[in-house]
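Okay, structure first, notes after.
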Amino acid sequence: MKAIRTAVVLLTVESATALAAIDRKSTVQRFNPHRISSSNSTPLQVGNGNFAFGADITGLQTFLPYNSLSTWCWHNSSLPTTPNQTEPSDFTGLDWWTHGRLVNYDQPNPAENDISNWLVENPQRVNLGRVGLYFGSSNVTEADVQSTEQTLDMYSGEISSSFLWCGESVQVTTVGDPSSSTIAVEVESTHFTNGTLGIFFDYPYMTGLNKFEAPFVGVWNATANHTTELVRQGSQQARIQHNEDATTYFTTVHWEDANAIISGPEPGTHQYLLKPQGSSKLAFSVSYHSHLSPDAAPFYSPDGEGTRISTDVLGIKAASTQYWCDFWKNGAFVDLTASDNTSATELQRRIIQSQYILAVNEAGFDPPQESGLTNNGWYGKFHAEQFLWHLGHWGRWGRWNLVGRSMPGVYERFLPTSIERAQLQGYSGARWGKESDPTGRSAPGEINSLLIWQQPHPMQFAEYEYRSFPTSATLAKWDNILLETAEFMASFAFWNDTTGVYDLGPPMYPMSENTDPNATINPTFELAYWKMGLTVAAEWQKRQGKVVPSSWLHVAENLAPLPVADDSYVIYEGIPNMWHNTTFDEDHPSMLGIYGWLPPQPDQFNLTLMQNTVQKVYDTWNLTYSYGWDLPLLAMNAARLGDVERAIEFLLDPTFQFDDAGYQVGGARVPTPYMPGATSLLWAVAMMAGGWDGSEGLHFPEDWVVEAEGFTPAL
Ligand SMILES: *[C@@H]1O[C@H](CO)[C@@H](O)[C@H](O)[C@H]1NC(C)=O
Ligand SMILES: *[C@@H]1O[C@H](CO)[C@@H](O)[C@H](O)[C@H]1NC(C)=O
Ligand SMILES: *[C@@H]1O[C@H](CO)[C@@H](O)[C@H](O)[C@H]1NC(C)=O
Ligand SMILES: *[C@@H]1O[C@H](CO)[C@@H](O)[C@H](O)[C@H]1NC(C)=O
Ligand SMILES: *[C@@H]1O[C@H](CO)[C@@H](O)[C@H](O)[C@H]1NC(C)=O
Ligand SMILES: *[C@@H]1O[C@H](CO)[C@@H](O)[C@H](O)[C@H]1NC(C)=O
Ligand SMILES: *[C@@H]1O[C@H](CO)[C@@H](O)[C@H](O)[C@H]1NC(C)=O
Ligand SMILES: *[C@@H]1O[C@H](CO)[C@@H](O)[C@H](O)[C@H]1NC(C)=O
Ligand SMILES: *[C@@H]1O[C@H](CO)[C@@H](O)[C@H](O)[C@H]1NC(C)=O
Ligand SMILES: *[C@@H]1O[C@H](CO)[C@@H](O)[C@H](O)[C@H]1NC(C)=O
Ligand SMILES: *[C@@H]1O[C@H](CO)[C@@H](O)[C@H](O)[C@H]1NC(C)=O
Ligand SMILES: *[C@@H]1O[C@H](CO)[C@@H](O)[C@H](O)[C@H]1NC(C)=O
């Protein structure tokens with residue numbers, strides 16, 4: 001059969017919509033997740049990027065306490081009472097020798113254990129509550145119900161669930177509001193008519209006990225440590241206030257059956273109960289919000305998310321349908337389904353399901369955490385070195401509105417503390433932190449304080465945005481951020497009088513985080529990324545007719561050469577025995593990132609050395625111990641080298657799994673779901689669909705039938 005291969009490569013996003021030729025709706029709905037029992041690791045979810053609700057097989061949180069997480073609600077445990085460690089300002093960190101001077105880093109100081117730990121563990125992201133079906137006095141489990149069926153329609157954002165209990169059916173539909181932390185639910189069952197069935201609401205307590213809380217977040221039996229109260233009770237609306245130490249937020253429950261009644265809490269619990277009287281239908285909405293007054297400041301919420309309340313069930317349903325329809329109609333799209341090849345079908349499934357999951361979990365006003373809004377990792381904090389993985393793919397798929405929710409806003413918000421961090425360490429510009437909470441504070445940690453590959457991310461965000469929107473508005477938007485970022489990069493590079501080049505580190509951790517920080521100097525990936533970042537920053541100045549600071553150019557042109565051993569690139573300069581030591585073959589294969597994810601940097605990159613390096617990685621790397629974005633990173637490298645068959649193999653590698661609903665399985669080293677696994681897959685697919693400068697267009701296996709629209713070439 002003759003393959004059809006069309007690529008509509010466009011420079012602007014708007015025109016993509018007009019040209020949409022692919023039947024997107026049926027391609028999306030073909031992969032709607034369908035379940036007949038709850039997963040024990042992932043829920044099905046509704047939500048909007050700032051809020052997500054995780055459902056079990058009932059469409060609610062009846063049998064399993066899956067989470068309702070948001071970008072805006074956080075909690076602090078009480079501060080330690082240890083003398084001299086009672087305030088965050090009592091934390092002083094550690095001084096390490098850095099090119100002949102002592103520099104202070106936010107690292108856990110053994111003399112300050114309690115306040116160090118508090119700063120790591122706080123604040124935690126709050127699981128807002130639980131909403132489930134109440135079966136009267138019977139203690140019903142999933143094993144007690146029959147004929148369970150559940151489908152998530154990704155084109156309308158609606159979960160339809162049904163089952164039989166005592167021979168009668170229970171049907172539930174669940175949707176999320178696109179613009180508030182609200183679900184709207186319709187339940188239909190004859191069990192309602194005699195008062196058997198109801199809806200319960202419950203609340204957990206947040207602690208700093210666990211770094212990872214998956215799949216369930218919070219403690220349910222510490223009922224004495226927090227309080228709830230029914231603060232308002234009207235005819236069709238009630239409000240529950242939840243106080244956890246200094247954190248207070250509200251649940252507004254609205255129902256459409258005038259005869260339904262809410263009651264609670266049951267003594268010794270935080271459980272409330274909503275029961276209809278006589279009707280077999282109950283439609284209700286559950287809105288979580290931070291304050292009673294819409295004018296009051298939320299905990300952290302630059303766009304007012306967390307203050308809004310929605311109640312109208314039908315209105316929320318309509319808004320959800322409209323939102324998801326728009327989501328799928330806009331942006332880029334690739335259709336592999338005509339290929340008649342199981343690999344193509346599986347890749348298509350991952351592409352579609354990932355986009356739904358990421359829009360629910362990873363499109364808020366703050367960058368996401370590892371597991372998005374599904375569960376908590378690292379206490380719910382977000383990691384600056386992952387900003388680009390989490391969010392950059394949205395831009396590659398033409399969904400700039402989703403990038404724009406947090407970018408560059410989060411950098412603007414963190415700029416003052418990042419400038420302060422650089423100044424305290426004797427550098428100029430802004431040094432971006434790592435494991436961040438919404439205030440921009442970076443949690444103490446040796447790796448946290450010494451990682452540097454988050455630093456050039458703003459340049460990549462900005463350059464891709466300029467590629468899609470080459471306007472003075474784009475230039476102005478990122479100007480100050482790029483300037484302060486580049487200033488730090490130039491001042492961080494250390495002029496080595498002996499060698500006559502600029503060194504990066506020591507001390508530092510490279511992307512792979514597995515080397516001695518006091519010995520790590522001139523890592524391959526970071527050298528290439530420094531060159532790219534400074535080059536973009538310089539170009540940004542030129543585009544605005546401004547003078548480029550000479551220090552930026554001097555550093556970019558005189559960085560240490562990429563380190564080589566055994567005629568191949570190595571992790572860092574002078575690494576002992578890299579290709580013959582298993583210590584170094586099992587983390588991110590960072591060297592390959594400089595030709596694939598990043599474009600090759602002129603006057604620095606050598607293709608022969610790259611080919612040698614790739615061969616050594618293929619021969620020696622312990623891929624079974626790889627995770628997350630490693631495989632997509634390898635796929636992008638293979639694609640750029642012209643080996644698309646291998647790129648596809650990497651994206652479908654047995655160590656790189658997506659579960660039945662499309663959640664990327666984290667494995668031994670990271671939680672499930674691990675969102676950067678999904679985001680990097682989409683980045684790789686965008687590169688294969690749009691090509692890159694000098695090799696634009698489709699890069700898929702020869703006999704696949706591929707249609708793509710709306711992609712721009714990668715850098
Ligand atoms: C938690 O405590 C930190 C440090 O005092 C503070 O900056 C932050 O606003 C607090 N967050 C919440 C949600 O209370
Ligand atoms: C607390 O700090 C004060 C003043 O720096 C010092 O004199 C005292 O020994 C410290 N106490 C403890 C328990 O470390
Ligand atoms: C690195 O050097 C500092 C002194 O500058 C020392 O305190 C620290 O323990 C060293 N770290 C490692 C991992 O060797
Ligand atoms: C309900 O059933 C579960 C599972 O069998 C059991 O663990 C739990 O103790 C029971 N609860 C009550 C209140 O009977
Ligand atoms: C309520 O009605 C349902 C279905 O009509 C029936 O199965 C159930 O046993 C009844 N429960 C009570 C407590 O009467
Ligand atoms: C709550 O449950 C945990 C885990 O099962 C247990 O260790 C703890 O003692 C319980 N706490 C209370 C207050 O019952
Ligand atoms: C609840 O409060 C008690 C008393 O302050 C404390 O001992 C306990 O650790 C708290 N429980 C949790 C889960 O934080
Ligand atoms: C200059 O570079 C050489 C080779 O990388 C290194 O051994 C030396 O320590 C550097 N000098 C300084 C002052 O860092
Ligand atoms: C491998 O590298 C580690 C870290 O540098 C070192 O401790 C170990 O001795 C090396 N092993 C071999 C066999 O070279
Ligand atoms: C690239 O590396 C190869 C292998 O080391 C070397 O032979 C060649 O001269 C290098 N090319 C350039 C332009 O430096
Ligand atoms: C790969 O790494 C894992 C974890 O360190 C280890 O258990 C396994 O033996 C390694 N496999 C090979 C082939 O070295
Ligand atoms: C499906 O496509 C992959 C990638 O090109 C190829 O390796 C495989 O052989 C194809 N399968 C079939 C059954 O054609």
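Sequential numbering from 1 along the given sequence is applied to the chain's residues. Remember, it's 1-based here, ligands and their atoms both numbered in the order they're listed.
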For Glu573, counting its heavy atoms only, list the atoms of ligand 8 lying under 4.0 Å from any of them. 4 (C), 5 (O)
Counting only non-hydrogen atoms and a 4.0 Å cut-off, the residues near ligand 12 are Asn341, Glu645, Pro701, Trp704
Sorted by chain and residue number, the side chain to side chain donor-acceptor pair (under 3.5 Å) partners of Asp567 (sequence neighbours excluded) come out as none
Under the side chain to side chain donor-acceptor pair (under 3.5 Å) rule, collect the residues that match up with His75, sequence neighbours excluded. Gln124, Asp245
Does Arg101 qualify as a cation-pi partner of Tyr427, given the criterion of NZ or CZ under 6.0 Å from the six-membered ring centre and within 45 degrees of its axis? yes
Check whether any side-chain heavy atom of Val617 lies under 4.5 Å from a side-chain heavy atom of Leu634, and answer yes or no. yes
Thr498 to ligand 8: N or O pair under 3.5 Å? no
For the residue pair His588 and Tyr627, is the inter-centroid distance of their aromatic rings smaller than 6.0 Å? yes
What atoms in ligand 8 come closer than 4.0 Å to a heavy atom of His99? 14 (O)
Report the residues that fulfil side chain to side chain donor-acceptor pair (under 3.5 Å) with Tyr572, sequence neighbours left out, ordered by chain and then residue number. none
Might you point out which heavy atoms bring Trp579 and Ser568 nearest each other, and give the distance in Å? NE1-CB, 3.8 Å
